[in-house]
Amino acid sequence: MLHNEARKLVLEAWDKTHNAKEIAKYFSVNESTIYRLVEARAHTGSYETRTHLRGRKPILTEKQHQDILKLVQKQPDITMNEIIEILHLPVGNEAVRRFLIKQGYTYKKKSLHAKEQERPRCADKTQNMDKKYSWCKSRTSNISG
């Protein structure tokens, strides 16, 4: 792998000679490396590596984060599907869940009234089961260990 200074020198040599074979021999690289650098420079206008484009990018914006938090504070029993639907978020349940947990929220099951506990659950009603949960802010201890 060539560092930026070496890339610059290779491209300067290319601009003077257009002799990939000689340049490759002098810099101990493959000819294909020379051609890739020339092509990359033509495409991007730079010889520098583009490491800033690597890695995982955040999916949700800061505004979307704030909107999620406002929605959960306003309606603690909201489901992740409802959050996504209301805010038109481009993510799935897991991204919303991870964000809320990172913000210190947990979801816990609401206790059912005795009358509801006796009622048999129907198979077609199981999709609404997630409505039995409520988001609540975790309590953190001030005791350091």
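Values below: every heavy atom of this structure, side chains too, minus hydrogens, waters and symmetry copies.
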Q: Do the ring planes of Trp14 and Tyr35 sit parallel (below 30°), tilted (30 to 60°) or perpendicular (above 60°)?
A: perpendicular

Q: For residues Pro90 and Gln64, report the shortest heavy-atom separation together with the two atoms involved.
A: CD-NE2, 3.8 Å

Q: For Val72, does its backbone N or O pair with a side-chain atom of Gln75 as donor and acceptor, under 3.5 Å?
A: no

Q: Quick check: does any side chain N or O of Thr44 sit under 3.5 Å from a backbone N or O of Ala40, one acting as donor and the other as acceptor?
A: yes

Q: Can you tell me how far CE of Met80 sits from CD of Glu82, rounded to the nearest 0.5 angstrom?
A: 11.0 Å

Q: Please tell me if the side chains of Phe99 and Leu69 come closer than 4.5 Å, counting only heavy atoms from C-beta onward.
A: yes

Q: Which heavy atom in Asn4 sits nearest to a heavy atom in Glu48, and how many Å separate them?
A: OD1-CA, 3.2 Å

Q: Would Leu60 and Ile68 count as a side chain to side chain contact (heavy atoms under 4.5 Å, CB included) if you check the C-alpha gap in whole Å, the side-chain angles of each, and the deciding distance to 0.1 Å?
A: CA-CA 10 Å; Leu60 295 171; Ile68 291 170; 3.9 Å; yes

Q: Would you please test Leu100 and Ile83 for side chain to side chain contact (heavy atoms under 4.5 Å, CB included) and show each step?
A: CA-CA 11 Å; Leu100 286 169; Ile83 292 171; 4.1 Å; yes

Q: Short question: side chain of Asn30, backbone of Thr33 - any donor-acceptor pair under 3.5 Å?
A: no

Q: Between the main-chain N or O of Lys63 and the side-chain N or O of Gln66, is there a donor-acceptor pair closer than 3.5 Å?
A: no

Q: When you measure from the side chain of Arg7 to the backbone N and O of Tyr47, does any donor-acceptor pair fall under 3.5 Å?
A: yes

Q: Apply side chain to side chain contact (heavy atoms under 4.5 Å, CB included) to the pair Glu22 and Thr17, showing each step before the final yes or no.
A: CA-CA 9 Å; Glu22 287 293 320; Thr17 67; 5.9 Å; no

Q: Take Arg97 and Glu94, measure what side chain to side chain contact (heavy atoms under 4.5 Å, CB included) needs, and give me the verdict at the end.
A: CA-CA 5 Å; Arg97 186 186 72 78; Glu94 187 61 17; 2.6 Å; yes

